[in-house]
Amino acid sequence: MIEWLTRLFDNRTFMQINAVFGFLFLGYFLFFYFSKEGRDERGRGLVATASLISYVVLFFLLNIFAFLMPWAMDNIVRLANGIQTVYTLFLLTTDIALLILKKIR
């Protein structure tokens, strides 16, 4: 499995696709934040709760990536892919938490 991850994280195309997804997730979050629904009290509470959840997930993701840092430092593309993956997963967690909280509340 490590060989598959090495080939995937050494691929520049994967990095570009990962960056596109990161921008899409960031765009959705910003769209909700600046929308009419996101500006009222309920929306601010949803954004705050989703941000808190994603902050906890970011803590775990960065600790996992720090464990994999010697592996990632072998290649600059692999390192950039690792950082971009952490960022994309962080934004994905924020968006999923936001969607779930919108349905619950």
Side-chain angles (χ1 to χ4, degrees):
M1 182 170 153
I2 193 73
E3 295 87 19
W4 181 77
L5 281 175
T6 302
R7 279 187 280 136
L8 183 66
F9 275 75
D10 285 346
N11 191 348
R12 289 182 188 264
T13 306
F14 176 69
M15 183 171 55
Q16 293 170 349
I17 292 170
N18 203 356
V20 168
F21 278 120
F23 282 120
L24 289 175
F25 295 147
L26 179 63
Y28 175 75
F29 182 76
L30 290 175
F31 175 75
F32 179 78
Y33 183 79
F34 290 113
S35 70
K36 185 178 180 183
E37 183 183 6
R39 284 185 278 168
D40 62 356
E41 284 183 26
R42 180 179 171 269
R44 299 271 184 200
L46 292 176
V47 168
T49 306
S51 297
L52 179 66
I53 291 168
S54 62
Y55 177 73
V56 171
V57 170
L58 179 65
F59 176 76
F60 286 112
L61 288 173
L62 288 176
N63 279 307
I64 290 169
F65 186 66
F67 176 74
L68 298 173
M69 194 63 121
W71 173 76
M73 292 291 289
D74 289 341
N75 187 346
I76 191 68
V77 176
R78 193 181 307 166
L79 178 64
N81 264 329
I83 293 169
Q84 182 62 46
T85 301
V86 167
Y87 178 68
T88 302
L89 290 174
F90 164 70
L91 288 171
L92 177 65
T93 304
T94 306
D95 291 343
I96 289 174
L98 196 59
L99 289 172
I100 290 171
L101 289 170
K102 276 173 55 175
K103 294 290 180 185
I104 290 176
R105 292 185 184 177

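Taking hydrophobic clusters as Ile, Leu, Val, Met, Phe, Trp and Tyr residues chained together by side-chain heavy-atom distances below 4.5 Å, F34 shares a cluster with L91. Cluster membership check: L30 does not share its hydrophobic cluster with L52, using side-chain heavy-atom separations under 4.5 Å among Ile, Leu, Val, Met, Phe, Trp and Tyr. Taken together through direct or relayed side-chain contacts under 4.5 Å among Ile, Leu, Val, Met, Phe, Trp and Tyr, L24 and L98 form part of one hydrophobic cluster. L92 and F31 are not part of a single hydrophobic cluster, where members link through side-chain heavy atoms under 4.5 Å apart. Hydrophobic cluster membership is shared by F14 and L5, with clusters built from Ile, Leu, Val, Met, Phe, Trp and Tyr side chains linked at under 4.5 angstrom.
Geometric assessment of R44 against the ring of Y33 yields a positive cation-pi assignment under the 6.0 Å and 45° thresholds.
Taking both residues in full, the closest heavy atoms of M15 and A80 are given as SD-CB, 3.5 Å, listed atom of the first, atom of the second, then distance. Annotation for F32 and K102: closest pair CE1-CD, 3.6 Å, computed over non-hydrogen atoms. Minimum heavy-atom separation, L61 to L89: CD1-CB, 3.7 Å. Smallest separation of non-hydrogen atoms from L99 and Y28: CD2-OH, 3.0 Å. Nearest heavy atom pair, residue F25 against residue D95, reads O-OD2, 2.9 Å. In terms of heavy atoms, F65 sits closest to G82 at CE1-CA, 3.4 Å.
Between Y87 and N18, every side-chain heavy-atom pair lies at or beyond the 4.5 Å cut-off. Within the 4.5 Å cutoff, side-chain heavy atoms of L79 are placed close to those of M69. No side-chain heavy atom of I17 sits less than 4.5 Å from a side-chain heavy atom of V20.
For T49 (side chain) and L46 (main-chain N/O), no donor-acceptor pair under 3.5 Å exists by modelled atom type. Remark: side-chain polar atoms of T88 are not paired, donor with acceptor, to backbone N or O of T85 under 3.5 angstrom.
Here the CG-CG distance, from L8 to N81, works out to 7.0 Å after rounding to the nearest 0.5 Å. Considering CG of L58 and CG of N63, their distance stands at 9.5 Å, rounded to 0.5 Å. In this structure, the separation between CZ on F23 and CG on L26 is 7.5 Å, given to the nearest 0.5 Å. Atom CZ of R78 sits about 13.5 Å away from atom CD1 of I83, to the nearest 0.5 Å. Interatomic distance, CD1 of I53 versus CG of L101, reported as 5.0 Å (0.5 Å rounding).
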| For L68 and F9, what are the C-alpha separation, side-chain angles and deciding distance, and is it a side chain to side chain contact (heavy atoms under 4.5 Å, CB included)? | CA-CA 12 Å; L68 298 173; F9 275 75; over 6 Å; no
| field | Chi angles and distances behind the side chain to side chain contact (heavy atoms under 4.5 Å, CB included) call for V77, N11 | value | CA-CA 7 Å; V77 176; N11 191 348; over 6 Å; no
| task | Please step through side chain to side chain contact (heavy atoms under 4.5 Å, CB included) for the pair T94 and Y55, ending with a clear verdict. | result | CA-CA 9 Å; T94 306; Y55 177 73; over 6 Å; no
